[in-house]
Novice: 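Dropping a structure here in structure tokens format, bear with me for questions.
Read the numbers this way: they start at 1 and go in the same order the structure lists the ligands and their atoms. What's counted below: heavy atoms across the whole structure, side chains too, no hydrogens, waters or symmetry copies. The shown structure was predicted, so the numbers you read here are calculated from the model rather than taken from an experiment.
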Amino acid sequence: MKYTDLKKFPTNFLWGASTSAYQVEGAWNTDGKGPSVIDIKRIPEGTTDYKVASDHYNRYKEDVALMAEMGFKTYRFSIAWTRIFPNGTGEVNKKGIEFYSNLIDELLKYNIEPLVTMYHFDLPLALHERGGWGNRETVDAFEQYAKVLFEHFGDRVKYWLTINEQNMMILHGSAILGREASKKELYQQNHHMLVAQAKAMVLCHQMLPNAKIGPAPNIAYIYPASSKPEDVLAANNFNAIRNWLYLDMAVFGRYNHVAWSYMEEHGYTPTIEDGDMEILKNGKPDYIAFNYYSSKTVEASKGDGNDLNNTGDQEIVIGEAGVYKGHTNEHLEKTEFGWEIDPTGFRITLREIYSRYNLPLIITENGLGAFDELENDGTVHDPYRIEYLGKHIEQIQLAISDGVDVFGYCPWSAIDLVSTHQGCKKRYGFIFVNRDEFDLMDLKRIRKDSFYWYQNVIKTNGEQL
Ligand code: BGP
């Protein structure tokens, strides 16, 4: 649909950007922080670990000042569970509370709204060793953790996100977390995470009546490779399994029927305890946050063994025999890392989510990973990132013109950080961090071209892209 005049971005639109604790903070064992699953992760050869990352733990003031200079209205970051509870449960670590309290105060000093992810992939190792999300106790541990966060930060944090990309941990856990699990186990973990999320949402509303909370899955609309009904059905299958399973539960408190039938057919259905469905019904999000990098395309699975299980990374679809098969969309370009680029798919995804759930939306990740280069004169030219982000912001405005209620945009990432499985040379930030895969150099912060560009986007409230 074309419009003669586009609707403007709302005046209080939350422009910002995102990071996650383990990818940016470093200080992996400082001030009482306990180990998380990230510290035992199988690190792909040739890439760095997460011990120092971007050293944000020690340089957060400088980083926040740069975000303020860009004009951020919000900053989406995650809290490392193991800074608060080094062993997942038990004693609260005061130093961990202090760090995030200081970070929040620093943001508020510049009128930057903190947008806090409670859990972004870094499950405490102590819980993992007792079965992780496969163990029901982790649900209680998460609820306890949520309570402590609300108690200590609820006076200043209005926007909460429960679990980052739960769907990607289930579908692509091997790339992100570096370990394998059977699908049966994964869907049990999934159920426990859904219950934990619902409990956190209920608790948030009880303890902080003025706060808002929502889920943060990775949602990408799935296209059929052709108009062949079998391909359309495969896209419908994958939309249910990848996207709606998570949001139907978060919003309506019920399992999506196609996803459930898929689990039944394969013997993946989780054990549901008495009272779970009621908890799931009671947990109600105030908004939906989602991460979007690209649409996905699938064709019908022939079930002939060529469409093996889904083992690509977050944005690469392989397929599942008898359900769907990944298909390269010949209409789209790809990033250097093989991720398709589809700004129009962003608008389609925004429309689709809003039509299904009718809740305000905020984008908590979107961005382009690239090998940026620092020039001799100290500049970093990243026109490809500006182009990517500009085209996606254009689509948000179109979606707003379609009547979608979008209240914020937080691309990935505020500052360079370590990728989930491709090291620190795969960069996403507006701020360059001067380090190499294995040489920490001086970790100096350098404004990229996209820094100045985004500053102007925010200043003009999205009018100049
Ligand atoms: C998302 C994760 C982020 C982030 C991003 C980019 O799936 O939520 O943590 O890393 O993808 O992915 P990558 O780091 O693999 O390039």
Novice: Quick one: look up the protein heavy atom nearest atom 3 (C) of ligand 1 and list residue, atom name and how far away it is.
Specialist: E365 OE1, 3.4 Å
Novice: On the ring face of W412, is K426 found with NZ or CZ under 6.0 Å from the centre and within 45° of the axis?
Specialist: no
Novice: Answer yes or no: is there an ion pair linking R59 with D63, defined by an N-O contact shorter than 4.0 Å?
Specialist: no
Novice: With a cutoff of 4.0 Å, is E315 in contact with ligand 1, counting heavy atoms of the residue only?
Specialist: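 Contact check E315 vs ligand 1: negative.
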Novice: Taking only heavy atoms of N164, which atoms of ligand 1 are found under 4.0 Å from at least one of them?
Specialist: 8 (O)
Novice: Any N or O on H120 sitting closer than 3.5 Å to an N or O of ligand 1?
Specialist: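 Between H120 and ligand 1 (N or O atoms, distance only) the closest approach is under 3.5 Å.
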Novice: I'd like to know if the side chain of R156 reaches the main chain of H152, judged simply by a donor and an acceptor atom lying under 3.5 Å from each other, with no hydrogens or angles considered.
Specialist: yes
Novice: Distance to 0.1 Å, residue and atom name: give those for the protein heavy atom nearest to atom 6 (C) of ligand 1.
Specialist: Y428 OH, 3.4 Å
Novice: Hey, does the side chain of D122 reach the backbone of I38 with a donor-acceptor pair shorter than 3.5 angstrom?
Specialist: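 No, the answer is negative, given that no donor and acceptor are paired below the 3.5 Å cut-off.
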Novice: Give a yes or no on whether a salt bridge exists between E387 and K391, defined as a side-chain N under 4.0 angstrom from a carboxylate O.
Specialist: yes
Novice: Is the contact between F337 and ligand 1 made by the side chain, the backbone, both, or neither, using heavy atoms and a 4.0 Å cut-off?
Specialist: neither
Novice: Which residue owns the protein heavy atom closest to atom 10 (O) of ligand 1, what's the atom, and how far is it?
Specialist: Q23 NE2, 2.9 Å
Novice: Out of all atoms in ligand 1, which are within 4.0 Å of some heavy atom of K426? Include the element for each.
Specialist: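 Those atoms are 13 (P), 15 (O), 16 (O).
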Novice: If you count the atoms of ligand 1 from 1 in the order shown, which ones are under 4.0 Å from a heavy atom of F121?
Specialist: 2 (C), 8 (O), 9 (O)
Novice: Tell me: protein heavy atom nearest atom 14 (O) of ligand 1, and distance?
Specialist: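 That would be T420 N, 2.7 Å.
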Novice: Could you tell me if R427 sits above the aromatic ring of F432, with its cationic atom closer than 6.0 Å to the ring centre and no more than 45 degrees from the axis?
Specialist: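 Positive - R427 is close enough to the ring of F432 and near enough to its axis.
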Novice: Can you sort out which atoms of ligand 1 are near S419, meaning under 4.0 Å from one of its heavy atoms?
Specialist: 13 (P), 14 (O), 15 (O), 16 (O)
Novice: Using the ring of W15 (Phe, Tyr or Trp, six-membered ring only), decide whether K73 places NZ or CZ under 6.0 Å from its centre and within 45 degrees of its axis.
Specialist: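 No, K73 does not lie over the aromatic ring of W15.
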Novice: For atom 7 (O) of ligand 1, what is the nearest protein heavy atom, given as residue, atom name and distance?
Specialist: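 Among all protein heavy atoms, the one nearest atom 7 (O) of ligand 1 is E165 OE1, 2.5 Å.
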Novice: Heavy atom under 4.0 Å from ligand 1: found in W339's side chain, backbone, both, or neither?
Specialist: side chain
Novice: Below 4.0 angstrom from a heavy atom of Q314, which ligand 1 atoms are there? Numbered from 1 as shown, please.
Specialist: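 Those of ligand 1 that fall under 4.0 Å from Q314 are 1 (C), 7 (O), 11 (O), 12 (O), 13 (P), 15 (O).
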Novice: Just jot down the ligand 1 atoms closer than 4.0 angstrom to any heavy atom of H421, in number order.
Specialist: 15 (O)
Novice: Describe, in one word, how the ring planes of F371 and F337 are oriented to each other, choosing from parallel (under 30°), tilted (30 to 60°) and perpendicular (over 60°).
Specialist: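 Because their plane-to-plane angle lies in the 30° to 60° range, the rings of F371 and F337 count as tilted.
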Novice: I'd like to know if K448 pairs up with D372 as an ion pair, taking the criterion as any Lys NZ or Arg NE/NH1/NH2 lying under 4.0 Å from an Asp or Glu carboxylate oxygen.
Specialist: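 Yes, this pair counts.
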Novice: Please check whether S20 reaches ligand 1 - meaning an N/O of the residue sits under 3.5 Å from an N/O of the ligand, judged on distance alone.
Specialist: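 No; the residue has no nitrogen or oxygen that sits under 3.5 Å from a nitrogen or oxygen of the ligand.
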Novice: Which pairs count as side chain to side chain donor-acceptor pair (under 3.5 Å) when at least one residue sits in residues 360-371, sequence neighbours excluded?
Specialist: R76-E365, N291-T364, N291-E365, Y293-E365, N366-Y388, N366-Y409
Novice: Answer with yes or no whether the side chains of R445 and N434 bring together a donor and an acceptor at under 3.5 Å.
Specialist: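 Judged by distance alone, the side chains do not pair up.
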Novice: For M168, which part has a heavy atom under 4.0 Å from ligand 1: side chain, backbone, both, or neither?
Specialist: neither
Novice: Go through ligand 1 atom by atom and flag the ones less than 4.0 Å from a non-hydrogen atom of Y293.
Specialist: 5 (C), 6 (C), 11 (O)
